[in-house]
Amino acid sequence: MQVNTGFFKTSLPMHSGSFLTFLFCLIVTLSHAQPVDKKATPEVKKLYKTLLSAMKKNQIYFGQQDATAYGVGWKSVINQSDMMLVAGTHPAIYGWEISGIEEDYAKNIDGVDFKEMHKLIVEAYGRGGIITISWHARNPVNDKNSWDNQSISSIDSILPGAAFHEKYKAYLDRVSSFLMNLTSPTGELIPIIFRPFHELTGDWFWWGAKQNQPESYQKLWRFTINYLRDVKQLHHLLYAYSPDRTPMKEQYFERYPGDEYVDILGYDCYHFGGVETAAEFVQHNRKMLEYISENACKRNKPAAFTETGLETVNQNNWWTGVLYPTIDKTKLAYVMVWRNAYERPNHFYGPTPGHPANPDFLKFINYNNIITGNKLTKK
Ligand code: BMA
């Protein structure tokens, strides 16, 4: 079926799922949409509406993790990102990772100094960028890193009353100090999309589905939000829930902590394998994103593809041939690809200078509905 949504004309056919998503999104009422934190700052409320309105209009903000901290072959260069080198613009969404803050380390897990991260976040916000922060937290139970997937029920050991609860609270105190200091030069708190305990449906993190009961995950999530919001009085956060791929789409909500605790319905899924698996990737994830987005629209909340990418981008038309058909008209507020590691040569997900997929990337970001840094209003 060929449909003109009235927002953007395109030659891509609209699937029946997309049409339903579109109908659901018509009922998103911006005036009633509020973040879960009743005391959210004006900037957070504004960001929330910006995301909802983008979603409604089929506009998708494009993001990358650690974009301005480093890229392939460089680190800490002022106002640089691989995307800037290739396309002359930074992304619109800037992802950051705070693993290590819980132990008071000076640098995060990927070698980014927290002081520098702070500065880069302030700069990104000044350019009109949207900031999201993930947290590969260490396991408070045994000090192993987040990929400790051998421990069973770690979550139960850090909930209120359990042996490692105080230690977990100390972790949150450090997270909170970092977040609390993220202010703009004019003194306003920078709105942050906080995305803890992501990929919870997988079995690779200590908070994963194989090692913990759904209720434990929900309790951990609710405790964390209550603690940051009500005890630490942080009111500049939106909370993003990001399961990974599941065999059945309904499993997305199996561990969902509730509408009062989630602002953004996110989803993480990587493309493994390249050309051979591309069609399956598009088909599966398009359906999944439509499902998530319909559910987000019904709840008046934004939906987002919070992490994705094809490592090394070894398919030259990946951006327009795989990513775009996966996301276009699924009613998402944003999509974010993972980092371009400077320390692991084959671990990059964005454009890099000289890469054969760059012409396709430029075509992708030139689509009307893909929003990059140069289309944002500076603060
Ligand atoms: C993973 C990889 C790791 C990194 C971690 C946290 O997906 O990129 O190399 O340490 O994210 O950023």
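Both ligands and their constituent atoms are indexed starting at 1 by order of listing.
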Report yes if the side chains of Ile193 and Tyr334 come closer than 4.5 Å at any heavy-atom pair, otherwise no. yes

min-distance protein heavy atom vs atom 1 (C) of ligand 1 -> Trp338 NE1, 3.6 Å

In this structure, is the centre-to-centre distance between the rings of Phe361 and Trp318 below 6.0 Å? no

Can you tell if the side chain of Val313 reaches within under 4.5 Å of the side chain of Trp319, non-hydrogen atoms only? yes

Residue-level breakdown please: for Trp147 versus ligand 1, do any non-hydrogen atoms fall below 4.0 Å on the side chain, on the backbone, on both, or on neither? side chain

His347 N/O under 3.5 Å from ligand 1 N/O: yes

So which of Asp173, Leu159, Ile155, Ile158 actually passes side chain to side chain contact (heavy atoms under 4.5 Å, CB included) with Tyr168? Ile158

With only distance considered, is Glu343 within less than 3.5 Å of ligand 1 through an N or O on each side? no

If you measure from each non-hydrogen atom of Gln65 to ligand 1, which part falls under 4.0 Å: side chain, backbone, both or neither? neither

Checking a contact table here: which protein heavy atom is nearest atom 6 (C) of ligand 1, and how many Å away? Asp110 OD2, 3.5 Å

Apart from Leu85 itself, residues in the same hydrophobic cluster as defined by side-chain heavy atoms under 4.5 Å: Trp74, Val77

